[in-house]
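What follows is one structure encoded as structure tokens, with my remarks underneath.
Just so it is clear: chains get the letters A, B, ... in the order the sequence lines come, proteins before strands, and each one is counted from 1.
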Amino acid sequence: MGLKSYLSGLFKGFYSLLVGLRVTNSYFFHPSRIVTQQYPENRKTLKMFERFKGEVILVHNENNEHRCTGCGICEMNCPNGSIEIISKMETGEDGKKRKAIDKHIYHLSMCTFCGLCVKSCPSKALAFGNEFEHAVFDRAKLDKVLNKEGSVLMKGVE
Amino acid sequence: MQGVLYDFTGLIQSIDAVFRASMSDLWATVLEYAIIGIIYLVIYALIGLFLVYAERKVCAFIQVRLGPNRVGPKGFFQTIADFIKLLLKENIKIKNADGVLFNLAPFIVIVASFLTFGTVPFAKGLQGIDLNIGVFFIMAVSSMGVVGILLGGWSSNSKYSLIGAMRSGAQIVSYELSVGLSLVTMVILTGTMQLSQIIELQSDGWFIFKGHIPALISLIIMMIASTAEINRGPFDLAEAESELTAGYHTEYSGIKFAFFYLSEYMNMFVVSALVATVFFGGWMPLHIGSWQAFNHIMDFIPPIIWFILKSFALMYVIMLFKWTFPRLRIDQLLKLEWQYLLPISLFNVLLMAFVVYMKWYF
Amino acid sequence: MAEEFVHLAVAGTEGQDLEINMGPQHPSTHGVMRFVVKLKGEVVESVQPHCGYIHRGIEKMCESLSYPQIIHLTDRMDYLSAHINNEAVCLAVEKALNIEVSDRIKYIRTIIAELNRIASHLLWWSSMCMDMGAVTPYFYAFRDREKILDIFEETTGGRLLYSYNCPGGLMNDIHPNFQKRVKEFIPYFRKSFKEYDELVTGNVIFQNRTMGIGLLTREQAIAYGVTGPAGRGSGFACDVRKRAPYSAYDKVQFNEILYNEGDSFARYKVRMDEMLESLKIIEQLIDNIPEGSYVEKMKAVIKLPEGEYFQQVETARGELVVHIISDGNKTPYRVKFRSPCLSTLSVMDLISRNQKIADLIAIGGSLDLVIPDIDR
Amino acid sequence: MTNQQLEEVVKRLGVEAVISEAQFLTVEVPFDKLFDLARNLKENEQTQMDYLILITGVDYVSSFGCTYLLTSTTHNHYMVLKTRNIDKANPRVDSVTSLWQTAEYHEREIYDLMGITFNNHPDMRRMFLDESWVGHPLRKDYVDESNIIERKY
């Protein structure tokens, strides 16, 4: 190794280190570039994107009506068996007996958010909710009944 | 004489006189030792804890994060909480570990760093012990810590620890040379090894300016080599988190781990204090030759502040090293020392001797 | 006691071999993977990988699931290029059914696949730097990856596992903000990319750690089936996007990055250059997304005609091949995923012999193994 | 090379093979002739199948089969090698590890999950599962009541 290459290697190496130091140093003196989000504090301003897949919900309107007919297509499409539908027979206003939903059970603990239930639902009853704080102390709490107490099928949905 | 404004010598002497007047010489000495010891312990722990906090904040800011911010204002008490946690933690007994050596190792490490800490001159008169071979003493004692690291790695009956300890041994043996030589370079210029005298000599300008080129080279080598000697990144091969989990202290827990941890930071402090003392005038304010007015203004800033500022600035540089560079490999580490640093510092000693002989310094 | 020492001395070098387990819990294995490493001092004598810690039997599960249902499982193989895995299955099914999807679908798939590739390479970059002991790059890369994930989240609803593809198209149309955000991201990324180069690529320590380490020749790369950036770092032109173009790759201009050195640094450079190349692809497509439907009309129950179907795609780690054997039912008879990481793993022992432990980590970083992809 | 030319090459090699054309040219050979044909395909100047992409082990209920997807890095043509009718009681095929090193891990995987043993394989161990695992999960008749949950539909 010649003295020249020895020295040039030394200085080049040293310079490359200084270049690196300049980057980190500039970050230290520019705290405005910090990107940390203070999570529990910013809960109020924290807004998820509308398509964010937090959980599956059964959409209810203000009259406590939903669009689920209890057909069971979502149950069939779910790859993990995280949806169970318990249906009942109900007499409609026209006196005809038809299938209706009793309980739409959703096992959040098994759901992989593939979106097949929402996509396959023929009456657009299901949707993704933005709730993401799912931590609970009891696993049983992750088994949810999606249709609210006393809710009925929206008129005009077959 | 400059620096009289904040001279602690008189204060210390009068305290000493009060003690000696009220009791026998023996008791006065014992009591003074005890008090100084306790004060040093407390300062040691406080500086150590603050450094841990400072390092975490510095690295957080570099890494576009906020760092600790939950315990106390701006997370200031985070390290105290951590320390309490470490105190309460279980001291795990390692199966087939060599019990005596395993327990001894952290103490050796912390005693070594504590001894060096005793010689740090904080301000005029504020120095634990002012040896006339101060520089040499720090050099000698600080390398004792590696014994503790070797013992800790060897006795904990873990392969990772063993590899880490062996690396550390090889590393410190070689980098000691460069640290020594760069200090020798400066000693040639100063003509003394007593830290207080070295500082006094810089009352009309720091040695980094006085010694110009050789002093600058020596400073760079000193910074690199001492970073390696205190086992900090990018030379933290003994710990090498991604390779050896935690290296030599993998098996330590609780307060024994805290000893290793604390001593690492304190070694960093001592090294920066030493560099600040030898190159940047320690507690001596910034004085420029004959600018009397400027020098006077500078004198009003207490020397302890000067000292803290200088050593913290140097520590920031060492931290910046750690958070910027990737780690070296063991053979590269040795290559850097034997192929680059050692020849350069040997050359530098000659250069400095020549400069001093020709009186080319200011 | 004395006898023991004598015995040790007689045993010679054999007694001095050190066998250490790296993993399954180790800071440098990117997942649960165990390497039994034989060491002589600092030098690695052999590396024996033990996998299967997270084997989930995806191929077995696929045999009882219908084709749309398989897709969400492929997310979980190479979770860092989830979209590209999805695409592979979808393309295979579409090919079997002879469905030609519209250009809009192709363009969107390609853009998202390239964004996915950048995100994956960013994560690789950060973790490789972390393996080498530099922690700071990790945060810079994650900061920038976050921007891509935001784009994904807005359009697909997922941050890591998208499940955005379905046979015949996409789950939903791109979000109205998609194009705007992507166009904002490109110059932003180019700027931070300069910083990456300054911080790591040019760094003398980094170059010394990677150059000449873990040499893999072109012949070895082909024989061991090392594809993706690791193979291209050895000069093996294995880019499926060039060799067998799918989606919109035949409509764009881009270079296949090839380096002939075959060391860790070459693999590093391939990935770094590939990120810029991906940006170029995105730039060509983002303004030209044609109008059209985001999903083709498909039957409610997808049944593949009897036969065997192969589909190759280029994930961020190499060549993923989906091999579907169908017997005409709605569930496949057998599905095989040729995961790039399994083949890449097989050179680990070869190229890390006689290197130092630290090199082993650097090599592991440069190969960019994703353990769930190996185990499946 | 086009599929037709490839077909001719295979025919010239004189192996009793059933050749059909699907997505790629598919050559079906008896499992004891597989290794010879594979070696010929690799070493033949015209084919140069130097890159083995994948090996799939298939359980055809009555027998086992293996599918090899081969390609050439110089000519960029593909070919599928297939073998069926591997005895279920004692499934054994010649290993191609000596031709393509990548086969080592792929064959180990097949051995592990499908239970096909490969002759002359350098390291015939299980890949993913524990050595004490009973059975080979990818077989169609594999029963594991504790780990496999049957879906209702």
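Within 6.0 Å of CZ in A:F132 there are more than 12 heavy atoms belonging to other residues, nucleotides or ligands. Applying the 6.0 Å contact sphere to CD of A:Q37 captures no more than 12 heavy atoms from other residues, nucleotides or ligands. Within a 6.0 Å radius of CZ in A:F11, other residues, nucleotides and ligands contribute 12 heavy atoms or fewer. More than 12 heavy atoms of other shown residues, nucleotides or ligands fall within 6.0 angstrom of atom NZ in A:K144. Applying the 6.0 Å contact sphere to CD1 of B:I213 captures no more than 12 heavy atoms from other residues, nucleotides or ligands.
Atoms OG1 and CE, from A:T24 and B:M319 in turn, are 13.5 Å apart once rounded to the nearest 0.5 Å.
Paired with B:T324 under the rule side-chain contact (heavy atoms from CB on, under 4.5 Å), one option of A:N25, A:V19, A:V23, A:L21 passes, and it is A:L21.
Across all their heavy atoms, B:R65 and A:I34 have their closest contact at O-CD1, 3.1 Å. When all heavy atoms of B:I62 and A:F28 are compared, the pair lying nearest together is CG1-CB, 4.0 Å.
Formation of a donor-acceptor pair under 3.5 Å by the A:Y6 side chain with backbone atoms of B:Q339 is found in this model.
Using a 4.5 Å cut-off between heavy atoms, B:P343 touches chain A through its side chain atoms alone. In this structure, the portions of B:F321 lying under 4.5 Å from any heavy atom of chain A include both its backbone and its side chain. Interface remark: A:E41 contributes side-chain atoms only to the contact with chain B (heavy atom separation under 4.5 Å).
Highest contact tally toward chain A, considering only B:V64, B:V317, B:N69, B:V58, is held by B:V64 [criterion: heavy-atom pairs under 4.5 Å].
Aromatic ring centroids of B:F61 and A:F29 lie 6.0 Å or more apart.
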